[in-house]
Number of protein chains: 4
Amino acid sequence: MQKKKVPSMVKDEQLIKKRREQMIKGAVSLFTEKGFHRTTTREIAKQSGFSIGTLYEYIGAKEDVLYLVCDAIYEEVRDRLKQYLGTNTSGVERLKEAVAAYFKVIDEMEDEVLVMYQETKSLPKEALKYVLQKEMEMNDMIEQIVRDCVEEDAIALTNEEIKMLAHNILVKGQMWTFRRWALQKEFTLEQYTQLQLKFLLTGLKR
Amino acid sequence: MQKKKVPSMVKDEQLIKKRREQMIKGAVSLFTEKGFHRTTTREIAKQSGFSIGTLYEYIGAKEDVLYLVCDAIYEEVRDRLKQYLGTNTSGVERLKEAVAAYFKVIDEMEDEVLVMYQETKSLPKEALKYVLQKEMEMNDMIEQIVRDCVEEDAIALTNEEIKMLAHNILVKGQMWTFRRWALQKEFTLEQYTQLQLKFLLTGLKR
Amino acid sequence: MQKKKVPSMVKDEQLIKKRREQMIKGAVSLFTEKGFHRTTTREIAKQSGFSIGTLYEYIGAKEDVLYLVCDAIYEEVRDRLKQYLGTNTSGVERLKEAVAAYFKVIDEMEDEVLVMYQETKSLPKEALKYVLQKEMEMNDMIEQIVRDCVEEDAIALTNEEIKMLAHNILVKGQMWTFRRWALQKEFTLEQYTQLQLKFLLTGLKR
Amino acid sequence: MQKKKVPSMVKDEQLIKKRREQMIKGAVSLFTEKGFHRTTTREIAKQSGFSIGTLYEYIGAKEDVLYLVCDAIYEEVRDRLKQYLGTNTSGVERLKEAVAAYFKVIDEMEDEVLVMYQETKSLPKEALKYVLQKEMEMNDMIEQIVRDCVEEDAIALTNEEIKMLAHNILVKGQMWTFRRWALQKEFTLEQYTQLQLKFLLTGLKR
DNA sequence: CATGAATGAGCCTTCATTCAT
DNA sequence: GATGAATGAAGGCTCATTCAT
């Protein structure tokens, strides 16, 4: 699927990038605080450091901001994840490292992930599809890591089980944010990671 | 915490109950389709089968509708769950049955649960607290079932593990709705239940 | 001009009178507190001791309540004034007594007079005319008393002066209510009366 | 007391002033015709020559319009009055001129004064206080003129009498508007002024 | 006669978007 | 490119009035 083209009146690609970065940063903080719908375009413009007129030089509609935000977050989560993913280990160990890395990324980008997670549904259909595809790519990344384990005979899983496991891992990451009101009261990230890994893996080893 | 009193101009308690049931039903279908913020009070009234004026005879503000919806869903999930929970089995078997029952309830109330799940954050602070508490009660219910298993020596878990497991089970139920775009394409409820039970339990047995 | 007919669904004239008295009493207290426009018909009904449905059995529209209130107040002011007006004196003495009596009535009915005074303009045209006519009758009453003085040669005034004096007296009564935030801080009714009489009369005597 | 700050989204102070002047002009004509409560914000916007959206760029709430109107009128009355007040005369003559000037101003601003006079009570509490204070300033202005006469030995009055006289003069000005339905039928402004001056002064001279 | 639930026109206000400067 | 004043559709909510019981 094509990356959605967010329209801009401005030619200078460099400038577009810069302005949109300001925008995303401002928007995330506002969305975190009051959600997408309760945030006005004026507020976004102000928080981004420019006028409402300028905001609309770089987007076509308010929803584009949300799209940009979601897109950027996915990108960053993926990039950071790749960075953390040392490939020097293998088998279950690699899976554990991957999960821990994923959780770490999520924790670092708590607010962003939560926003993305809660507001995605407000995207217009086209954008939603695209973002959902990004989510599936994330899923595929995780799935691949699991699949590697299986192929290395480190664990034995059917194809369906692999898919399910990937979903589970993904959600366990997300729930660290959307259930933080309960989880982060009881566990540190490390505890959370260890416990979840235990639940995830125990019995999976040969 | 006190149940939030939603104000009504109408005195007949019976009627209030009836109208609010209409309201909740209408609202859920709309919230499912377009979300809380994109749904107008006029639409809610119409879908509920009465006028905008009448709607406001039974609520004080739009947010009250959301609260009523969330409250009703929790209540119904809990009631149905209790109904399904046959107490004739014990140990791990009982846990499995409970999880299956819980998943079944979630599946039956898909739309409702999804709405509640996605829109809860739009509640005003007081109402949010109350609803979050309901969520914790659900958590406690699951936790108790797990705890029973542990006390029967059916499984061995630390206190923290019990808590985490309860969270996991709860979320695994919810994700059936909020990831349905992926999960329900690949799995039937039965498959989903079986697979999740397998992941949940394998290795937990003595 | 005809007294405006306020429509009623009820036949029993006795009952109409009773209910409307309740209504006027309730309405005055509410209008005093929040003004005609900010008072709802529901509030009037409640304060009057019956339901909104019953209210509309005795009036045709909200404005009728205001009309009824204004009419009743004029009536009462006039009645009380007549009562106070001992006819045993004559000349300037009688004028002074009349003014003092008038001021006393105003003071006793402060709230009512103020309401009438401030809300009259909200009456529908027809009713306004009628009420304004009542005001003119009041004017005439005062004028007559002044005119008597002149005819008795107690004071010398042209016809125009008589008219103006009547207006002045009337307004001096009303201002005791609508400037009470200033006047009643500085003067008692007695002081106010004495001072105003002095201003009114000094120099008028032969 | 601080002048109430009416909020505006627009930054250009010059523009704010201009728009608010349009607004006040439009609002006065509407309030005169139908009163504050019966006038809608849309009507105000239209009459002012801009859209409802623009109206709200210059005020925070409908009541602000009323406040702006009242404030502006007081200001203008005071300014005009100062202008008319030639200081070349003294004693009773000066008082007479002042009263005549005041009446003239009132007559010129009939509608405005009447509006202010009748709708003041609809102001929110804070604004009401502020406007009442303006009224007291007016009072003080008149009082000072009277006091000057007394100090010049032109007339002899106790302190209380001075205060009362100021109130009387003020009200005699206002009544020219709120009793115009009667007074302006019978008198021209000049006649009214002469007669009132006569009543006011006769006997006050040494 | 009394009641009060139902109605919907209409109000105030917000805010995404445009466009002249 | 940047600005921010202008716009008006649309939303939440109120309340005078009606009418079935």
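Quick note on labels: first sequence line is chain A, next is B, and so on, each numbered from 1.
Residue contacts for M9(C): at a heavy-atom cut-off of 4.0 Å it reaches no nucleic acid atom on any strand shown.
Relative to the six-membered ring of Y67(A), K62(A) misses at least one condition, a distance below 6.0 Å or an angle of at most 45° to the axis. Both tests do not hold together for K3(A) against Y130(A): distance to the six-membered ring centre under 6.0 Å, angle to the ring axis within 45°.
Regarding contacts with the backbone of dA2(F), a side-chain N or O of R19(A) is found under 4.0 angstrom from either OP1 or OP2. At the phosphate of dA5(E), neither OP1 nor OP2 sits under 4.0 Å from any side-chain N or O atom of T54(B). When the side-chain nitrogen and oxygen atoms of Y58(A) are compared with OP1 and OP2 of dA2(F), one or more of them lie within a distance under 4.0 Å. Close to dT17(E), at under 4.0 Å from its OP1 or OP2, lies a side-chain N or O of Y56(A).
Summarising the local packing, NZ of K25(A) is surrounded by 12 or fewer heavy atoms from other residues, nucleotides or ligands at distances under 6.0 Å. No more than 12 heavy atoms of other residues, nucleotides or ligands shown are found within 6.0 angstrom of NZ on K46(A).
The existence of a salt bridge linking E43(D) and K34(D) is confirmed by a sub-4.0 Å separation between a basic side-chain nitrogen and an acidic carboxylate oxygen.
In DNA chain F, consecutive stretches of 3 or more Watson-Crick or G-U wobble pairs with both distances under 3.5 Å are given as paired ranges: E:2-21 with F:2-21.
Applying a 4.0 Å cut-off to non-hydrogen atoms, the residues of residues 29-50 of chain C that approach DNA chain F are T39(C), T40(C), T41(C), R42(C), listed by residue number.
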For S51(C) and T54(C), run side chain to side chain donor-acceptor pair (under 3.5 Å): C-alpha distance rounded to whole Å, both residues' side-chain angles, the deciding distance at 0.1 Å, then the answer.
CA-CA 5 Å; S51(C) 71; T54(C) 300; 3.1 Å; yes

